[in-house]
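Per chain, numbering begins at 1; letters A, B, ... match sequence-line order.
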Amino acid sequence: MPDPTSIRVRFPDGKEESVPGGTAARDALGRWDPEQLKNAIAASWNGVPVDLASRLTSDGTLAPLTFEDRAGRDILQHSSAHLVAKGLLETIPDARPTHGPPTDEGFYYDFDVRPLTPADLDSVRAAMDRSIRAKEPFVRRELSRQEAEKFFSGNPHKLRYISEVPEGETVSVYDTGTFTDLCRGPHVPSTAWLEGVHILGFSAIGQEDPAIPPLQRIRGVGFPTRTELDAYLKMRKEAEARDHRTLGAKLELFTFIEEAPGFPIWLPNGMVVVHELEKFVREHLAAAGYVEIRTPLLFPQSVYETSGHWDHYRADMFLTELEGRTFGWKPMNCPGSMLMFRSRARSYRELPMRLAEFAPLHRYEASGTLHGLTRVREFVQDDAHIFVTEEQVEPEVRTLLAWIEKAFSTFRLSWNVELSTRPAKFLGEAELWDRAEATLERVLKASGVKYRISPGEGSFYAPKIDIHVRDSLGRPWQTGTIQVDYQMPLRFGLAYQGPDGQLHTPVVVHRTILGTWERFLGVLLEHTAGRLPPWLAPMQVRVLPVTDRNAPAAVGLVEELRSQGLRAEAAGTEESLSKRVRSAEVERVPYVVVLGDKEVAEGTVALRVRGSKENRPFSRPEFLVYVSERVRTRSFDP
RNA sequence: GCCGCCAUAGCUCAGUCGGUAGAGCGGCUGAUUUGUAAUCAGCAGGUCGGGAGUUCAAUCCUCUCUGGCGGCUCCA
């Protein structure tokens, strides 16, 4: 029944329209701007997402929601999830849908159903295609609680959601063809909008209680058009070619063997890269007043009892029985640093005391979580522990954050910051945690960086600022971290004598910049597709003599390059020049030099820079300066 | 660790409706002496991931173990 009175609707550009009460959002938008309506997935009514079919009954502001808006994107993902559920129910009628939310990547829908098979998915896809072709509308209906409970009486999950709908709020369902799902909405107008939907895969979702059978999750992603989906799939395919696990093997950087899962074997090329990363970090350590230490890889149980690892981290440790005692392979460097600090009396004059340690760490990571270099059981962090007074905490953290920013920009990596706060199981007093968290947050706010709070994700001894970078498929990996720790110094009984002659407990800032060589390099390889900056490249210059006549000149040039600390080698002439150029490009060598009769006679080189087909003539001295400068300044591009 | 999927030559992959396997690249050898992304020819290389079962016969079917992949949980 249309409302006879007219209402005022305001649009994003400030225009206002008078429309009859009860006008559909779609029609109101159409009167405002038919072009904008075309791309509208749904509408935003007074800031709340609504269906295009919803009727406006009061004055308010109305805006189109498109795929470009996060809310619009989420609506399309969520509608895609409904379509998957419809498809699954047509495949397995007794499947019980639970919930199907949008995610950062796309969407998923969890089902209470027998384990799925790839054939099920084929059937689901076919059903989805049928629905899309039929352009089935999403129709909203509002039900009484009793009606809803009756309708979903066979599905305990939906009954639970119904019971969670706040009193006084209406219970709504959406019909799509023969499929009806409990849903708050809104949705796209019809399945015709879902032509760009794609199922990415399925997996079982374990429940907290192992007695409850796992749910089956179907994951997917939706786009407004088939074209956009194809572009996304192409991007994913290209991302697969950048997988660091493949590149690591191709470029002979590292390998894994079946007998030792999660334990990287660094090949000579990989060691070159790791050493360059170490050099990069150590240069800064020297400039920033750090000293480097080395503490044992194994400690007896008692040390971990003191640090808190025994109670909070034992399940993640490799343990060794010897002399009737239990030793643990260190999963972190902090206990060693604490013992180092405690090894003699300390004065406030020594603070901040910045102790760096690059030691191999072992963590007994669950087998199912291992992943190339980004999740391993043995790794080395660019770690340091900074012992400070209470007043020194904040400036120290500020300096570290700035350094992280600078370091990551060297590698042109974009990063996200999270503030991870006190977990459920934590050491010590909540009051000290609050203080540490407040300090971290103050620094973050003052620095102006965007950050997200990750509640309960702090480590067991300290809250932390975490740096995340994404791999080629968009999966986030934590790398750098800054942690303000009041607990371990107390537990180890650390003290320094202050200017007042009294003993005080220091605060410890645990921090890494790049995180670990392993994970950092894994992510960097994916970002660069293996085309590491020249300073990191295992082989920096390859010299190609055109014929055997030019081989002595090539060897001479290589010697000259090596004497300047550059990594260079001459190729033989068994293969065609084209083939050797190709090999160098495939092996991601940043600088390829061709030496033929012409160059030898003129004392020049023909330089081919990685990624470029043109070759630039250089005099030999110019070339040497050019390459060594690019390397010395750690240029990202060759 | 949980769930699903996968495992054939160093790598990428064919193949065998159960009768013990093939290509390209890579490697080695020889010829070729090359001007900027693959010169030609020949050769070697696999108890078809390990173990057990079914069968006259298993790389193929079943079970199990190991590893990998994708999720989940967890993390640098």
* To do: May I ask you to verify if any side-chain N or O of A:Arg217 is less than 4.0 angstrom from the OP1 or OP2 atom of B:G70?
  => no

- prompt: Do A:Arg377 and B:C75 share a donor-acceptor pair, side chain to base, under 3.5 Å?
  reply: no

Taking for A:Tyr364 and for A:Trp477 the nucleotide of RNA chain B with the nearest heavy atom, the one nearer the 5' end belongs to A:Tyr364

| Looking at A:Arg608, does any N or O in its side chain come under 4.0 Å of the phosphate oxygens OP1/OP2 on B:G35? | no

Considering only heavy side-chain atoms of A:Ser578, the closest of B:A76, B:A37, B:G71 is B:A37

Pairing partner of B:G53, by Watson-Crick or G-U wobble and under 3.5 Å for both distances, is B:C61

P atoms of B:U16 and B:C40, separation to the nearest Å:
31 Å

Taking B:C75, B:C72, B:U39 as options, the one with an atom nearest any side-chain atom of A:Glu365 is B:C75

- Is there side-chain contact between A:Val273 and A:Trp266, with at least one heavy-atom pair below 4.5 Å? no

So, do A:Tyr591 and A:Leu566 sit near enough that their side-chain heavy atoms are less than 4.5 Å apart?
no

query: For A:Thr481 and A:Asp466, does a side-chain donor sit closer than 3.5 Å to a side-chain acceptor?
result: yes

OP1 or OP2 of B:G70 less than 4.0 angstrom from a side-chain nitrogen or oxygen of A:His371, does that happen here? yes

Taking a pair to mean Watson-Crick or G-U wobble geometry with both distances below 3.5 Å, B:G10 pairs with B:C25

Taking a pair to mean Watson-Crick or G-U wobble geometry with both distances below 3.5 Å, B:C5 pairs with B:G68

- Task: Check whether any side-chain nitrogen or oxygen of A:Thr516 sits under 4.0 Å from OP1 or OP2 of B:A76, and answer yes or no.
- Result: no

Mate of B:U47 across any strand shown (Watson-Crick or G-U wobble, both atom pairs under 3.5 Å) is none

So CZ of A:Phe107 and CZ of A:Arg219: to nearest 0.5 Å the spacing works out to 10.0 Å

Partner of B:C75 under the Watson-Crick or G-U wobble criteria, both distances under 3.5 Å, comes out as none

- Would you say a side-chain N or O of A:Arg363 is under 4.0 Å from OP1 or OP2 of B:C74? no

Closest of B:G67, B:C72, B:C75 to the A:Pro261 side chain is B:G67

inquiry  = Any side-chain N or O of A:Lys250 below 4.0 angstrom from OP1/OP2 of B:C25?
reply    = no

The nucleotide from B:G71, B:U36, B:A76 with an atom nearest the side chain of A:Arg519 is B:A76

>> Does B:G70 have its OP1 or OP2 closer than 4.0 Å to a side-chain nitrogen or oxygen of A:Arg245?
In response: yes

message = Please confirm whether the shortest side-chain N or O distance from A:Lys579 to OP1 or OP2 of B:G26 is below 4.0 Å.
response = yes

Legend entry - Polar side-chain contact A:Glu599-B:G35 base: donor and acceptor under 3.5 Å: yes

Partner of B:G30 under the Watson-Crick or G-U wobble criteria, both distances under 3.5 Å, comes out as B:C40

| task | For the pair A:Lys279 and A:Glu276, find out whether any cationic side-chain nitrogen is under 4.0 Å from an anionic carboxylate oxygen. | result | yes

For A:Tyr304 and A:Pro335, the nearest pair of non-hydrogen atoms, with its separation, is CE2-CG, 4.4 Å

With centres under 5.5 Å and planes under 30° as the test, does A:Phe202 stack with B:G71?
-> no

Regarding the side chain of A:Arg219, the nearest nucleotide among B:G70, B:U39, B:C3 is B:G70

Classify A:Gln381 by what it touches in the nucleic acid, base, sugar-phosphate, or nothing, heavy-atom distance under 4.0 Å. sugar-phosphate

